[in-house]
Colleague: 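Below is one structure. I have some questions about it.
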Amino acid sequence: MKNKFFFPLIFASLIFLNACVKTSDHNIPIKDYLLSSEQSLPEQFNRSENNFLMQIANTKNESKKIWKEYNKDKNMPEIDFAKYDIYFLGLTESGSCPTNIKEIRIDSSMMKILLFTMDGECTADAKPKNFVFKVDKNISTKLTNIVIIDGNEKITFDMKDIKH
């Protein structure tokens, strides 16, 4: 008799728990949105002030200016600025253990950039590194925060404080 009620109760509980778990609104496959990644940073990057530099370009002129600040070797790709904003992320990495973007998750008004650093005996040489990626303007305009997660380090940027 107990089994008649036990299994439906477990099944109903699992359905309820599944409905309560909120998945990301958008998981951005980085290979589709990554425009460039090189070993350069703007001169104004100051590691002691912050471990990361985040900048956003909403127009072609802004993008050209920031691209030049990063001393990018590659030519800037053609972007439809009516559809996309361009995000520039600057950081330093170990020369022997490179850092890459593992995933970008967008949950309503927050973008989470999850970084991945190779394991091993890493040098502390702090090589410059940048990532340039595009984000759909329909998503970008709704963001209020960007959170960069690098292992145990978590930095939150308020969109109002990010240089455009």
Side-chain angles (χ1 to χ4, degrees), residues 17-18 20-59 62-74 76-77 79 81 84-164:
L17 288 174
N18 190 38
C20 291
V21 175
K22 184 180 185 302
T23 59
S24 294
D25 294 339
H26 303 278
N27 280 342
I28 299 176
I30 194 62
K31 66 181 175 64
D32 295 339
Y33 290 89
L34 186 65
L35 301 174
S36 176
S37 178
E38 295 179 21
Q39 290 193 321
S40 64
L41 288 170
E43 287 181 23
Q44 78 263 22
F45 184 83
N46 183 349
R47 183 162 172 79
S48 63
E49 186 178 298
N50 197 341
N51 292 331
F52 304 99
L53 175 65
M54 178 63 70
Q55 294 173 281
I56 303 171
N58 306 106
T59 67
E62 286 177 348
S63 187
K64 280 183 180 180
K65 180 179 176 269
I66 298 171
W67 193 271
K68 189 175 178 179
E69 288 174 7
Y70 272 84
N71 301 308
K72 306 281 290 165
D73 290 332
K74 297 178 184 174
M76 189 175 84
I79 300 296
F81 283 94
Y84 297 102
D85 287 330
I86 307 302
Y87 287 70
F88 292 80
L89 171 60
L91 54 96
T92 57
E93 68 179 356
S94 165
S96 59
C97 299
T99 298
N100 288 297
I101 295 178
K102 179 180 178 182
E103 182 179 19
I104 297 177
R105 294 182 193 153
I106 298 176
D107 298 311
S108 59
S109 63
M110 183 183 305
M111 177 191 298
K112 293 180 184 173
I113 302 171
L114 287 77
L115 300 177
F116 172 76
T117 302
M118 301 268 302
D119 287 334
E121 293 186 29
C122 304
T123 56
D125 48 354
K127 299 274 186 189
K129 178 82 172 246
N130 67 63
F131 298 97
V132 182
F133 55 96
K134 62 184 179 179
V135 176
D136 187 295
K137 273 194 189 293
N138 293 324
I139 296 169
S140 184
T141 56
K142 295 174 185 167
L143 295 176
T144 59
N145 292 299
I146 295 177
V147 179
I148 299 171
I149 303 167
D150 186 13
N152 293 330
E153 189 174 12
K154 187 175 177 180
I155 304 287
T156 301
F157 291 93
D158 187 314
M159 290 295 283
K160 293 178 277 186
D161 298 331
I162 295 175
K163 181 180 174 187
H164 288 261

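Keep in mind that the numbers below use all heavy atoms, side chains included, and drop hydrogens, waters and symmetry copies.
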Colleague: Could you report the tightest heavy-atom contact between Q55 and P42, atom names first, then the distance?
Modeller: OE1-CG, 4.1 Å
Colleague: Can you check whether F133 and Y87 have ring centres sitting under 6.0 Å from each other?
Modeller: yes
Colleague: Please report the C-alpha distance between I146 and M159 in whole Å, then the side-chain angles of each, then the deciding distance to 0.1 Å, and finally whether the side-chain contact (heavy atoms from CB on, under 4.5 Å) criterion is met.
Modeller: CA-CA 7 Å; I146 295 177; M159 290 295 283; 3.6 Å; yes
Colleague: Between S109 (side chain) and K142 (backbone), is there a donor-acceptor pair under 3.5 Å?
Modeller: no
Colleague: Do you know the tightest heavy-atom contact between T156 and N145?
Modeller: CG2-OD1, 4.0 Å
Colleague: Within the structure provided, determine whether E69 and K65 are in side-chain contact (heavy-atom separation under 4.5 Å).
Modeller: yes
Colleague: Which of these, E93, K129, K127, sits in a side chain to side chain donor-acceptor pair (under 3.5 Å) with Q39?
Modeller: E93
Colleague: Please examine the side chains of D125 and S94, heavy atoms only from C-beta on, and report whether any two atoms are closer than 4.5 Å.
Modeller: yes
Colleague: Sub-3.5 Å donor-acceptor pair from the side chain of N130 to the main-chain atoms of S40, do we have one?
Modeller: yes
Colleague: Find the distance between CD1 (I104) and CZ (F131) and round it off to the nearest 0.5 Å.
Modeller: 9.5 Å
Colleague: Side-chain contact, heavy-atom cut-off 4.5 Å: T92 with L41?
Modeller: yes
Colleague: So, taking the atom named NZ in K112 and the one named NZ in K102, what distance separates them when rounded to the nearest 0.5 Å?
Modeller: 13.5 Å
Colleague: Which value, rounded to the nearest 0.5 Å, describes the distance between T141 atom OG1 and D136 atom CG?
Modeller: 8.5 Å
Colleague: Taking all heavy atoms of L91 and all of F52, pick out the closest pair and write down the distance.
Modeller: CB-CD2, 3.7 Å
Colleague: Can you label the angle between the W67 ring and the F88 ring as parallel, tilted or perpendicular, going by 30° and 60°?
Modeller: perpendicular
Colleague: Can you confirm whether D158 is buried at CG, in the sense that more than 12 heavy atoms of other residues, nucleotides or ligands lie under 6.0 Å from that atom?
Modeller: yes
Colleague: Report yes if some heavy atom in the side chain of P77 is under 4.5 Å from a heavy atom in the side chain of K134; otherwise report no.
Modeller: no
Colleague: At what distance, to the nearest 0.5 angstrom, does CE of M118 lie from OG of S96?
Modeller: 10.0 Å
Colleague: Is N51 close to D150 at the side-chain level, that is, under 4.5 Å between some pair of heavy atoms?
Modeller: no
Colleague: Measuring from atom CD1 of I155 to atom CD1 of I148, what distance do you get when rounded to the nearest 0.5 angstrom?
Modeller: 7.5 Å
Colleague: Check S63 against I86 and note the closest heavy-atom contact, atom names and distance.
Modeller: OG-CG1, 4.2 Å
Colleague: V132 vs E38, test: side-chain contact (heavy atoms from CB on, under 4.5 Å). Steps then yes/no.
Modeller: CA-CA 9 Å; V132 182; E38 295 179 21; over 6 Å; no
Colleague: Provide the closest heavy-atom pair for S140 versus D85 in the form atom of the first, atom of the second, distance.
Modeller: OG-OD2, 2.7 Å
Colleague: Give the minimum heavy-atom separation between L143 and I106, together with the two atoms involved.
Modeller: CD2-CG2, 4.0 Å
Colleague: Rounded to the nearest 0.5 Å, what's the gap from CG on L89 to CD1 on I101? Could you check?
Modeller: 6.0 Å
